[in-house]
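In what follows, every heavy atom counts, from backbone to side chain, and hydrogens, waters and symmetry copies are set aside. Quick note on labels: first sequence line is chain A, next is B, and so on, each numbered from 1.
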Amino acid sequence: DTAVSQTPKYLVTQMGNDKSIKCEQNLGHDTMYWYKQDSKKFLKIMFSYNNKELIINETVPNRFSPKSPDKAHLNLHINSLELGDSAVYFCASSQAGPLRQFFGPGTRLTVL
Amino acid sequence: ELKVEQNPLFLSMQEGKNYTIYCNYSTTSDRLYWYRQDPGKSLESLFVLLSNGAVKQEGRLMASLDTKARLSTLHITAAVHDLSATYFCAVDPGYGGSQGNLIFGKGTKLSVKP
């Protein structure tokens, strides 16, 4: 059973398009996250979300928006895609508190 | 702003040798994590260190945390090829709404050669 899953695994699109990446976790966790890993493998938190609060990293452009239809899902919507958005996006989840985060397999986004 | 620095960023080792990866961070925190990432793969949690002096070991890897020095180490004993991967440390700011929003180091790419 996959604990944290993401779709699609690969996403190739043109500049200016709008796209979404889906994330689902079956661990019963309270909190979900989105991270961006750039071409130099540097990982940066974008958002964290539980059923009460959304924390946004202030450096994330407002073209990025997380949407959570329920506790087990946190999708990432990206509007007006730019070349610099090309990266691998990881979803993660954890229980509340200082516990380990479980990462999804990643979505490699390529913007042409 | 919390900053996390790892060194070295690249490490080439021979099998059977020992080495240590260092992780320094800039502000007070007692929540530090080590992750492993294989090429093209996701991140796998290795250790969670939650107090000063915490030491955890699994197989050939041992991690420790000194919160006063703001330093964590990942020690590799008698390296084997299967340990080749990129190792990340990450720190939880642990305050207010930023809890859980891990700040990652740049990663240490480890290559173990025969």
Side-chain angles (χ1 to χ4, degrees), chain A residues 2-7 9-10 21 23-25 27 29-60 66 74 87-108 110, chain B residues 1-6 8-11 23 28-52 54 56 58 63 65 67 72 85-111:
Chain A
T2 303
V4 182
S5 60
Q6 294 178 228
T7 54
K9 189 172 174 70
Y10 300 97
I21 305 171
C23 177
E24 176 181 2
Q25 54 96 2
L27 298 168
H29 286 166
D30 297 320
T31 307
M32 297 183 72
Y33 311 83
W34 277 104
Y35 290 87
K36 177 181 180 180
Q37 186 171 43
D38 63 22
S39 59
K40 295 182 179 179
K41 307 299 181 189
F42 185 50
L43 274 154
K44 195 167 187 178
I45 181 75
M46 300 178 71
F47 307 98
S48 66
Y49 184 80
N50 61 29
N51 57 5
K52 297 177 184 178
E53 193 173 14
L54 171 67
I55 304 296
I56 302 172
N57 184 316
E58 60 188 15
T59 65
V60 175
L74 183 66
V88 180
Y89 292 84
F90 286 100
C91 175
S93 73
S94 71
Q95 282 288 22
L99 300 174
R100 67 186 65 203
Q101 295 181 16
F102 291 81
F103 282 74
T107 296
R108 182 175 293 277
T110 303
Chain B
E1 179 187 346
L2 174 61
K3 294 188 178 179
V4 180
E5 292 186 356
Q6 281 182 242
L9 298 182
F10 298 92
L11 178 55
C23 176
T28 302
S29 174
D30 57 2
R31 305 176 179 196
L32 191 132
Y33 307 80
W34 284 95
Y35 286 87
R36 168 181 171 148
Q37 185 177 36
D38 291 297
K41 303 292 186 182
S42 186
L43 284 87
E44 174 191 355
S45 177
L46 294 175
F47 300 107
V48 179
L49 303 168
L50 300 177
S51 62
N52 187 40
K56 293 199 174 178
E58 182 158 343
L65 178 61
T67 58
S72 179
T86 299
Y87 293 85
F88 291 94
C89 67
V91 178
D92 185 341
Y95 50 78
S98 293
Q99 284 188 46
N101 287 12
L102 301 183
I103 307 299
F104 279 81
K106 291 185 176 181
T108 297
K109 186 172 182 179
L110 172 65
S111 175

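The most heavy-atom pairs under 4.5 Å with chain B, out of A:V4, A:T31, A:L43, come from A:L43.
Residue A:Y35 touches chain B through its side chain alone, counting heavy-atom pairs closer than 4.5 Å. At a 4.5 Å heavy-atom cutoff, the contact between B:K106 and chain A is made by backbone and side-chain atoms alike. With a threshold of 4.5 angstrom between heavy atoms, A:Q37 approaches chain B through side-chain atoms but not through N, CA, C or O.
For the ring-ring contact (aromatic ring centres under 6.0 Å, His included) test, no residue two or more places apart in sequence or in another chain qualifies with A:F47. Scanning for ring-ring contact (aromatic ring centres under 6.0 Å, His included) contacts around B:F47 gives an empty result, with sequence neighbours left out.
Shortest non-hydrogen contact noted between B:F88 and B:Q37 is CE1-OE1, 3.3 Å.
Residues B:L43 and B:Y33 are not in side-chain contact: their nearest non-hydrogen atoms beyond the backbone lie 4.5 Å or more apart.
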